[in-house]
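Labels below follow one simple rule: chain letters A, B, ... track the order of the sequence lines, proteins then strands, and each chain is numbered from 1. Quantities reported herein were computed from a predicted structural model and do not represent experimental measurements. Both backbone and side-chain heavy atoms feed into the values below; hydrogens, waters and symmetry mates do not.
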Amino acid sequence: MTEFLQQVIIGLRIGSVYALIALGYTMVYGIIRLINFAHGEFIMVGGYTLFFMIPVLMGFGLPAWTSVFAAIIICAAVGVLAELLAYRPVRKKGNRMTALITAIGVSLILQNLAQAIPFIGPNPKAITQDIFQSGRIDLFGVNTNWTSIFTIIIAAFVMVGLQLFIHKTKIGRAMRAVSENKAASTLMGINVNRTIVITFIIGAGLAAVGALMYCAQYRAVMTTMGSMLGLKAFVAAVLGGIGLIPGAMLGGMLIGLIEALVTAYISSSLANALVFVVLILVLLVKPAGIMGRNVGEKV
Amino acid sequence: MTDLRKKSLRGVITNVIMVALLIIVIYILSVSLSDNNYRLKLVPIIWHLCIFILLGTSLNLTMGFLGQLTLGHMGFMGIGAYTAALSSLALERAGLFIAKTAPPLQLIGVMLGCSLLGAIVAGIISLLMGIPALRMRGDYLAIVTLGFGLIIENVIANLPFAGGNGLAEGTASANLYQNGLGINSRLQAQYVYFPILLTIICVAFMFMYTTSKYGRAIKAIREDEIAANASGINATYYKILTFTISAFFAGLAGGLYAISTSSLTTGTFTFANSSIWNSTFIVVMVVLGGMGSLTGSIIAAIGMYMLNYEIKNGAWVAAMPQFLQSIFAFPMLIYAFVLTIVIMFKPFGLMGTYEFSLRRLLFRKSERAIGGEAK
C-alpha cells in the first residue's frame, strides 16, 4: 500500500508537469484551433534558460527557482515571435493543414537551431544545483522528497490562478469570447489578434513553469526534451477534452498516473506506448475527450 | 465518332512514346552501370530515389488528396522493412533461400513476396490506427500518427523477435540485426530494374487511384467533408481506405529499403532525426512538391535527395566557411526552414495540384478543342 501511494505521488508529480504544459496546448487550440507543435520546444527553451540562469542568479545569492521568471520572459518572447512571424501570416493565407505544417516547421527550426548553436549543442547538459529544497520528507507514512511536494503545490496553485484569470478578468473573458466566435467578438470590440498574442504569452509562460518542474525532477536539459514531453502533454489535453482548462488538468494527472503505475507494475519501456493506447481507446468511446461535449458542426 | 478514334489513336501514340522513353532510360542505365565507377555511385542512389519517390507519392495520397496530416509515415515504412526482413530471414533460417546464391527468379520472388507481406502488415496496422482516428473530423490523425512515429522505434526495439539477432531468441536491447533479404552491391546493380519497375507500377496505380471515382471522392472530402457526406460519399470509408493504401505503399518502400541495406536500425523510422530518413523529411517533400500533385512529389523527392547528397558529398560544402558547414551538419534545420518558408509563401507547394501529362504536352491544342466541343 505504501509503495502504491509512493507511485501515486510520483504519478501526480509528473502529471502536474503534463497538466501545466497541456494547459498551454489547450488554450492555444481553444482560441485558434491549431495544434501548436512548437509548444514542446518552448519547454526546451525554458529548460536551457534555466540551465544558464541558475548559476548567475545563485551567484547573486537568490534561490535557484527565481530563474523561472527569466525563463517565463524568454519563453513568452519565443512564443510571441512564433505567432507573429509564422502562425499569423499563414493563418491569413492557408487552411488548417498549412497552419499545422507551419507549427511542425517552427518546432523543428527551434529544436535544430538549438542543436546547431555551439554552446547548446546536441548533448544533454546536467543541472547540478538543487532547484527546490533538497532532502526527503515523511508524509502520512509515505517517504517522498520536497521536489514532489513543491511541484504538486505549484501546479495546483497555477491552475487555480489560471481558472480565476480566465473567469474573472476582462482579458480572460475576451479569450473565452474569441474561442467561441472570432467574428462576433471582433464586433463586440475585442482585439482578436492581441488576445491571441496574450494566449501565446500565457501558454509559453506555463511551459516555462513546466520546464522548471521538469528540471527539478530530472536535472538535465537536452534539445529533444520537449518533443516527447510536449506530445504526452498534448495527449493529456486531448484526453481531458481539448480546449477545456479543467480537461487539461484532469488529462495531465491521468496520463501521469497511468505512466507511473505502468512503469512500476508492468514495464517501463511500455509506458509510452500504453499512453497512446489509452488515448485511442478514449477517443473511440468519447471522441471529444473525457470532459468534452460532442457538439455538432454548424454548416 | 472521329473524335473518339482520334482520342484512342493519341492514347496509343502516347503509350508508345512512354515505352520508348522507358527503353531508352533502361539502355542508358545499362550502359552507364557497366562502368564500375558509376555503378558504385549510381546504384545506391537509384534504390534510395525509388524508395523516396514511393514514400513521397504515397504520403501525398493522404496529405494532398485526402487533406489529412500524417506524421508517422516512416513508421509504416519501418513496419514494412522489418516484416520483409524478418520473413526473409525466416526463409533463410529454414534453409529455403540464400540471397547470395539464389537463382534470379527465386530472388525476385522472395524480394517481391516479402515486400508485399511488409506492405500488407503496414496496411493492417494503419487500418487499426485509422479507424478510431479518422472517424472524427479534425486533426486527430495527426496526433495519433505523430505518437505512432515517436514510439515505433521504442516498440520495435522491444519486440523480442525484432531486436537483438532478429529471429534469434532473446536480447531486446540491441536494435541492429542481420538481414536475410539484404543483397550486396553487386546484386543490387544486377537487379536495379526491380525497384524502378516496382516504383513505376506503384506510382501508376496511385495516379489511377487519384483520377478514379475514389480519387474524386477523396478530393471532394478534402474540399468540404460535410458537403461530400451530403452528396452521398461515405467520408469515413474513403478516408480509411486512402490512409490504408498510403500506408501499404510506405510498407512496400520499407521492403525495398530492407533489400537495399544489410542491417536495419529502428532510428531510421522515427519522426525526426539528424539524417534524412525520417517522417518529417517526407512531409517536407510533399509540401514542397505540392499537396495534390504526384508529379510534384516525385520532383521534390529527386531534388531533395540529390541536394542532400550534394550536402553530404559535394566539394562545394567543404570549401565553405566553418559556421556554414556546421549548419549543414544539421540538414533538418535547413529542411525545416524550407518547409516554413514554402508554406508561408506558397501554401500549396511549388506544383500545386498540377500533374505532368505527356498527352497534354503533345496534343495540347487539339485536346482543348475537343474539350470545348464537348461543352
Tell me, side chain or backbone of Leu34(A) under 4.5 Å from chain B's heavy atoms, or both, or neither?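 Leu34(A) has no heavy atom closer than 4.5 Å to chain B.
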Please classify the contact of Tyr87(A) with chain B as side chain, backbone, both or neither, using a heavy-atom distance under 4.5 Å.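 No part of it gets close to chain B.
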Test side-chain contact (heavy atoms from CB on, under 4.5 Å) applied to Ile101(A) and Met63(B), step by step: CA-CA 11 Å; Ile101(A) 294 168; Met63(B) 264 182 69; 3.8 Å; yes
What residue in [options] has the most heavy-atom pairs under 4.5 Å with chain A?
options                                    : result
Leu69(B), Val287(B), Leu339(B), Leu333(B)  : Leu333(B)
Asp224(B), Leu146(B), Val144(B), Ile341(B) : Leu146(B)
Thr280(B), Ile343(B), Val283(B), Leu71(B)  : Ile343(B)

Which heavy-atom pair separates Thr98(A) from Pro347(B) by the least distance, and what is that distance?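 Reported closest heavy-atom pair: CG2-O, 3.4 Å.
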Contact summary for Met344(B) and Val90(A), nearest pair of heavy atoms: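 Shortest heavy-atom separation between Met344(B) and Val90(A) comes out as CG-CG2, 3.5 Å.
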Can you tell me how far the CE atom of Met97(A) sits from the CD atom of Gln68(B), to the nearest 0.5 Å?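 Going from the CE atom of Met97(A) to the CD atom of Gln68(B) covers 8.0 Å.
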Looking at Lys346(B), I'd like to know if its NZ atom is crowded, meaning that more than 12 non-hydrogen atoms belonging to other residues, nucleotides or ligands lie closer than 6.0 Å.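 No, because the 6.0 Å sphere around NZ of Lys346(B) holds 12 heavy atoms or fewer from other groups.
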Please check if atom CD in Glu180(A) has more than 12 non-hydrogen atoms from other residues, nucleotides or ligands closer than 6.0 Å.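 It does not: Glu180(A) CD has 12 such atoms or fewer within range.
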Residues 103-111 of chain A: residues contacting chain B (heavy atom under 4.5 Å, by number):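 So the qualifying residues are Ile104(A), Gly105(A), Val106(A), Leu108(A), Ile109(A).
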Let me know if Tyr335(B) has heavy atoms under 4.5 Å from chain A in its side chain, its backbone, both or neither.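 Looking at Tyr335(B), nothing touches chain A.
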Acceptor/donor pairs from residues 234-248 of chain A side chains to any protein atom, 3.5 angstrom cut, sequence neighbours excluded:
none

